[in-house]
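One structure below.
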Amino acid sequence: MRGINIVTPRSLDSLGRVIAITRRAKVQVMNMQVVQEDSVYRIHMEVEGPQDEVQWLVAKLDKLPEVLKIEEIHINR
């Protein structure tokens with residue numbers, strides 16, 4: 001399982017774009033949390049799927065101008 005941490009400006013448009021791209025990836029979202037802070041959303045997703053699909057998703061999300069920071073982490077369960 002892989003984790004993806006994303007920081008976006010606090011806008012429902014940016015959150016919607018992240019979700020729309022995630023839906024296009026051939027991965028299964030096991031868990032998704034959105035935390036609202038002063039001026040940003042911190043999104044944490046846990047996804048399962050082929051490694052190349054997870055990398056495709058991270059690359060697509062990283063190209064969004066709304067994504068301020070993104071990191072991929074390995075989750076041991």
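The chain is numbered in sequence order, starting from 1.
Gln28 contributes atom CD, which lies 13.5 Å from atom OG1 of Thr22 (distance to the nearest 0.5 angstrom). Going from atom CG of Asn5 over to atom CD1 of Ile43 covers 10.0 Å, rounded to the nearest 0.5 Å. The CZ atom of Arg10 sits 12.0 Å away from the CG atom of Leu15 when rounded to the nearest 0.5 Å.
In terms of hydrophobic clustering, with Ile, Leu, Val, Met, Phe, Trp and Tyr side chains grouped at heavy-atom distances under 4.5 Å, Trp56 and Met32 are assigned to a common cluster. When the side chains of ILVMFWY residues are joined at heavy-atom separations under 4.5 Å, either directly or via intervening members, Met30 and Ile21 end up in two distinct hydrophobic clusters. Under the 4.5 Å side-chain heavy-atom criterion for ILVMFWY residues, a single connected hydrophobic cluster contains both Val29 and Val58.
Minimum heavy-atom separation, Ser14 to Pro9: OG-O, 3.0 Å. Closest approach of Tyr41 and Val34 over heavy atoms only: CD2-CG1, 3.8 Å. Closest of all the heavy-atom pairs between Leu61 and Val67 is O-CG2, 3.1 Å. Shown here for His44 and Ile73, the closest heavy-atom pair between the two residues is CE1-CD1, 4.3 Å.
Listed by first then second residue, pairs satisfying salt bridge (charged side-chain N to carboxylate O under 4.0 Å, His left out) with a partner in residues 48-59 number zero, not counting sequence neighbours. Listed by first and then second residue, the salt bridge (charged side-chain N to carboxylate O under 4.0 Å, His left out) pairs that reach into residues 22-33 come to none, sequence neighbours excluded.
In this structure, Val7 shares a hydrophobic cluster with Val40, Leu68, the cluster being traced through Ile, Leu, Val, Met, Phe, Trp and Tyr side chains under 4.5 angstrom apart.
Exactly one of Met45, Lys69, Glu71 qualifies for a side-chain contact (heavy atoms from CB on, under 4.5 Å) with Ile6. That residue is Met45.
Legend: residues meeting side-chain hydrogen bond (donor to acceptor under 3.5 Å, both in side chains) with Asp62, ordered by chain and number and at least two apart, are absent. Applying the side chain to side chain contact (heavy atoms under 4.5 Å, CB included) test to Asp13 and every residue at least two apart in sequence or in another chain returns Ser11, Arg17. Listed by chain and number, the residues in a side chain to side chain contact (heavy atoms under 4.5 Å, CB included) with Arg2 are Val47, Gln51, Val54, Glu72, His74 (sequence neighbours excluded). Remark: Arg42 engages Glu37 in a salt bridge (charged side-chain N to carboxylate O under 4.0 Å, His left out) (not counting sequence neighbours).
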